[in-house]
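It should be emphasised that the depicted structure is a prediction, and the values quoted were computed from it without experimental measurement.
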Amino acid sequence: MTDTPYAFLVSVNNPVPASDPRPPHLPPDAEMASTIRLTTARRPGDTPLARVFTPRTTQRWSRQAPVPFWIDNGRDGSSPSCSVRPAAPDVYDVHTPDGTPLARITRRAGRFLPWPRRVRWSAQFTNPTRTVTGRSGTWYAWLIYVVTAPVWFLVVLGVSVYSFFVGEADDDTVARPTRTRWRTPGAGTVLDYRGVNKIYRFDPQHLDARVAYALAVLQTWERER
């Protein structure tokens with residue numbers, strides 16, 4: 001890819017075995033769990049920007065039971081980009097293919113009490129030392145969400161009662177604000193997730209693509225798994 005900003009999305013797949021011949025850096029039980037694609041790649045056969053592999057497991061990835069994963073260059077199908085491994089609860093270390101530490105990604109949980117706080121995703125780079133930080137939901141989207149909460153509660157309650165008597169398993173959840181802008185001092189917004197269309201707008205001049213992809217995969221898996 002060039003240094004021109006571009007948009008991509010993360011597609012969560014049903015895990016499928018990695019194709020043979022297996023890249024040597026992957027474990028024998030590796031499965032492809034996601035793909036990262038340009039938003040302009042409309043056909044299923046279009047080559048993705050990257051492929052994401054996880055070890056085979058009987059449990060789906062979750063924050064409570066995270067597993068390591070590997071991001072491979074989708075252009076040639078075998079070139080490793082980075083590995084991401086859990087280091088602690090909500091903490092993940094990103095390494096280059098040769099094992100050099102690249103960054104540490106941390107998720108700080110949101111809360112309402114004792115004072116409101118949005119979910120925060122940050123990446124602390126190793127060399128040179130700098131931090132990229134993004135918070136889920138804009139302040140005005142959260143303001144609207146809180147102000148209209150009583151209305152949404154009544155809607156959810158009505159849908160739940162209707163589903164109970166009719167017997168339909170309707171989705172009665174109300175999505176919280178999710179737009180996330182990752183910013184870094186001196187460069188402004190370097191990665192922008194837009195929750196309506198689930199697209200990431202990325203500036204490769206000011207953020208390493210491997211860390212951008214790792215952030216996007218972790219946020220997507222948390223949201224959709």
With side chains defined as the heavy atoms from C-beta onward, is the minimum distance between [X] and [Y] less than 4.5 Å?
X	Y	result
F53	P68	no
P204	Y6	yes
L102	H95	no
S136	T178	no
L207	V132	yes

Closest heavy-atom contact between [X] and [Y]?
X	Y	result
P66	R63	CD-O, 3.4 Å
R37	T47	NH1-C, 4.3 Å
P80	P97	O-CG, 3.4 Å
R130	D208	NH2-N, 4.5 Å

Say you draw a straight line from [atom1] of [X] to [atom2] of [Y]; how long is it, rounded to the nearest 0.5 Å?
X	Y	atom1	atom2	answer
W182	L215	CH2	CG	5.5 Å
D203	D192	CG	CG	11.0 Å
R201	T189	CZ	OG1	12.0 Å
H206	T184	NE2	OG1	9.0 Å
R85	Y92	CZ	OH	14.0 Å
M32	T54	CE	OG1	10.5 Å

### Message
The criterion is ring-ring contact (aromatic ring centres under 6.0 Å, His included); which residues satisfy it with F69, sequence neighbours excluded?
### Response
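Per chain and number, F69 pairs via ring-ring contact (aromatic ring centres under 6.0 Å, His included) with W221.
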### Message
Please enumerate all residues that pass ring-ring contact (aromatic ring centres under 6.0 Å, His included) together with Y193, with sequence neighbours excluded.
### Response
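ring-ring contact (aromatic ring centres under 6.0 Å, His included) check on Y193 returns Y200.
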### Message
Under a 3.5 Å threshold, yes or no: a donor from one side chain and an acceptor from the other, between T131 and Q124?
### Response
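Judged by distance alone, the side chains do pair up.
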### Query
Is there a donor-acceptor contact under 3.5 Å from the side chain of S11 to the main chain of L9?
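The answer is no, because no donor-acceptor pair under 3.5 Å joins these two groups.
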### Query
By side chain to side chain contact (heavy atoms under 4.5 Å, CB included), which residues pair with A214, not counting sequence neighbours?
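Per chain and number, A214 pairs via side chain to side chain contact (heavy atoms under 4.5 Å, CB included) with I71, V84, V94, I105.
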### Message
When you group the ILVMFWY residues by side-chain heavy-atom contacts below 4.5 Å and let the links chain together, are Y213 and I199 in the same group?
### Response
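The answer is no; the residues belong to distinct hydrophobic clusters.
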#### Entry: same_hphob_cluster(L38, V10) at 4.5 Å side-chain heavy-atom cutoff
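Same hydrophobic cluster.
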#### Entry: D90 and R108 ion-paired at < 4.0 Å
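A salt bridge is absent here (no side-chain N lies under 4.0 Å from a carboxylate O).
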